[in-house]
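Notes follow the structure.
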Protein chains: 2
Amino acid sequence: MTSRGAGPIYQRIADDLRARIQSGELGAGAKLPTEQALTTDFGVTRATVRQAMQVLVNEGLVVSERPRGHFVRQIERLTYRPQKEWRDRPAHPELDQFMDEQVELGRKPSQTIAVELAAPPTDVAARLGLAGTDTVVVRKRVRYLDGTPFNTNDSYFPLELVQGSEIMHPADIGRGANQVLAELGAEQTHAVDEIEVRMPTPDEASRLEIGLGVPVAMHRVTGYTDDGRPVRVVRNVLPGDRHLIAFERTRPTKTEKDDKQ
Amino acid sequence: MTSRGAGPIYQRIADDLRARIQSGELGAGAKLPTEQALTTDFGVTRATVRQAMQVLVNEGLVVSERPRGHFVRQIERLTYRPQKEWRDRPAHPELDQFMDEQVELGRKPSQTIAVELAAPPTDVAARLGLAGTDTVVVRKRVRYLDGTPFNTNDSYFPLELVQGSEIMHPADIGRGANQVLAELGAEQTHAVDEIEVRMPTPDEASRLEIGLGVPVAMHRVTGYTDDGRPVRVVRNVLPGDRHLIAFERTRPTKTEKDDKQ
DNA sequence: AAGTGGTCTAGACCACTTG
DNA sequence: AAGTGGTCTAGACCACTTG
């Protein structure tokens with residue numbers, strides 16, 4: 001199925017190295033031959049070898065650790081469960097369910113919190129029913145486990161709703177922002193989840209220390225009150241090499257099924 | 001926040017073009033300046049300009065349409081609802097819920113089906129409780145809308161379970177493979193969903209006509225019978241530029257919540 | 001001090017569209 | 001026929017680790 005021996009030289013070099021990685025000859029973390037070695041092996045100039053390396057780096061298979069060389073990427077994914085937010089009450093609400101699960105596994109969590117007033121990004125404005133000229137309060141968090149960033153969690157609230165509340169202070173909210181919203185008369189009973197898969201923006205890449213060839217999942221949650229008013233949009237950015245998104249389903253009974261139709 | 005004017009020349013050229021794209025000066029589908037034009041604009045060689053272009057291509061912002069030039073990528077995402085598989089009975093089960101929704105919007109669906117006997121990939125073997133030396137039946141489908149591929153759907157079944165059944169024929173199963181499994185005494189009542197975000201393999205890229213800078217979501221479903229036996233693993237590969245994954249939640253009542261704890 | 005990958009120049013030939 | 005991006009050569013200097 002896969003065409004071998006075809007195409008430009010740099011593709012054939014990339015194919016050769018990729019095969020050696022997938023066969024296990026070059027395992028996770030293994031050092032690849034140096035660019036110098038590859039130029040003599042394949043009888044091409046360094047530019048051509050570098051083009052082959054770029055292919056593998058952009059596939060997320062290889063990382064460059066300058067000036068030590070190129071290495072096979074090692075991936076370890078932690079399980080992220082979007083359903084759990086409302087299922088179980090987290091022991092540390094502000095750290096939330098994801099971090100909570102990791103703490104139990106003995107990892108050390110930490111986070112940074114910043115609060116800003118800003119114009120809403122287009123996707124947020126659309127979901128909160130705001131104009132681009134309105135103002136939103138944004139709580140921006142970066143969450144770390146054992147010192148490495150795992151995801152960002154940016155919550156957007158309409159200014160008029162949270163004005164003067166605890167949500168505007170850049171500190172941990174012990175009982176959680178959702179509880180504060182409820183106290184402000186905006187209890188959420190319903191949420192819409194969306195996941196968008198793309199390459200990170202340069203800002204996201206630097207905030208999350210994301211290398212080349214690693215995409216992100218943007219998990220967006222819009223929370224609604226009982227009467228259908230959107231009161232909160234959260235954007236979680238999850239680097240693809242660090243997360244496995246998981247959820248569960250039970251088959252509805254025949255009766256439920258018929259109800260839905 | 002974003003460091004400007006820093007770093008290598010090609011990064012500054014990429015930053016400049018990215019800013020023009022994000023400001024809307026270069027809108028979706030717009031043609032970028034030619035490499036030739038950029039060499040004179042920035043006073044560098046073509047290799048440096050090409051390095052800048054590569055950055056934008058790998059971010060998924062720009063596509064090369066040789067030999068017409070480079071263009072700002074246009075994205076249109078269709079909504080994929082993993083929850084719906086069991087919620088509503090699709091009008092065309094084999095095309096499934098996702099396609100069904102698009103047909104209602106006037107799009108023309110089509111698909112290819114191939115059936116293979118193979119050793120299970122590691123992730124499938126682990127989930128079906130099989131050894132690498134066992135054999136699985138794989139139904140491989142590519143689904144198209146208006147002629148462009150939208151996703152692949154590969155279903156893995158233990159050979160001993162589906163041996164001789166309709167599942168082994170490379171044709172549409174009117175009532176759906178899940179129904180056939182139920183008739184074979186393996187009705188599924190529970191499923192685990194996992195989503196993995198990464199760059200496509202070369203095979204996936206060619207099956208789905210995925211360009212540079214476009215990641216995929218791999219949505220994996222493991223279906224279990226009432227007594228907890230895994231009988232089916234499905235791998236759906238969704239190109240990030242064509243899908244928005246959506247699901248909904250309702251907050252459990254206080255009582256339900258306490259039950260869970 | 002030696003070895004690594006990162007950046008950049010200068011130039012050549014090619015394949016593929018489009019006018 | 002002209003213009004575009006794709007591929008490749010040959011060479012230079014650099015920054016950053018590690019022994």
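Protein chains get the first letters and strands the later ones, always in sequence-line order, with residue 1 at the start of each.
Atom CZ in F71(A) sits roughly 11 Å away from atom P in dT4(C) (whole-Å rounding). Distance CZ (R50(A)) to P (dC8(C)): 11 Å, rounded to an integer number of Å. The separation between Q36(B) atom CD and dG6(D) atom P is 14 Å, rounded to whole Å.
Counting only distance, with no hydrogens or angles, the side chain of R242(B) and the backbone of P149(B) share a donor-acceptor pair below 3.5 Å.
Other residues, nucleotides and ligands place no more than 12 heavy atoms under 6.0 Å from the CG atom of L212(B).
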Under 3.5 Å, which N/O atoms of the protein pair with N/O atoms of nucleotides 9-19 of chain C?
unit_1: dT9(C); atom_1: OP2; unit_2: T45(B); atom_2: N; d: 3.0
unit_1: dT9(C); atom_1: OP2; unit_2: T45(B); atom_2: OG1; d: 2.9
unit_1: dT9(C); atom_1: OP2; unit_2: T48(B); atom_2: OG1; d: 2.6

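Proximity of Q51(B) to the phosphate of dT7(C): a side-chain N or O atom is located under 4.0 Å from OP1 or OP2. Residue Y10(A) has a polar side-chain atom (N or O) positioned under 4.0 Å from OP1 or OP2 of dT7(D).
Pairing for dG5(D) is with dC14(C), a Watson-Crick or G-U wobble pair whose two hydrogen-bonding atom distances lie under 3.5 Å.
Salt bridge absent: E194(B) and R77(A) never bring a charged side-chain N and a carboxylate O closer than 4.0 Å. Taking 4.0 Å as the cut-off between side-chain N and carboxylate O, R235(B) and E204(B) do not count as a salt-bridged pair.
With dG6(C), dT7(C), dT7(D) as the candidates, the nucleotide lying closest to the side chain of E35(A) is dG6(C).
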Given the rule in the salt bridge (charged side-chain N to carboxylate O under 4.0 Å, His left out) test, do D16(B) and R12(B) qualify, once you have shown the distances and angles that lead to the verdict? CA-CA 6 Å; D16(B) 183 83; R12(B) 272 182 276 164; over 6 Å; no
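Counting only heavy atoms from C-beta outward, the side chains of P33(A) and L17(A) approach each other to under 4.5 Å.
If you check every strand for non-hydrogen atoms under 4.0 Å, E65(A) touches nothing.
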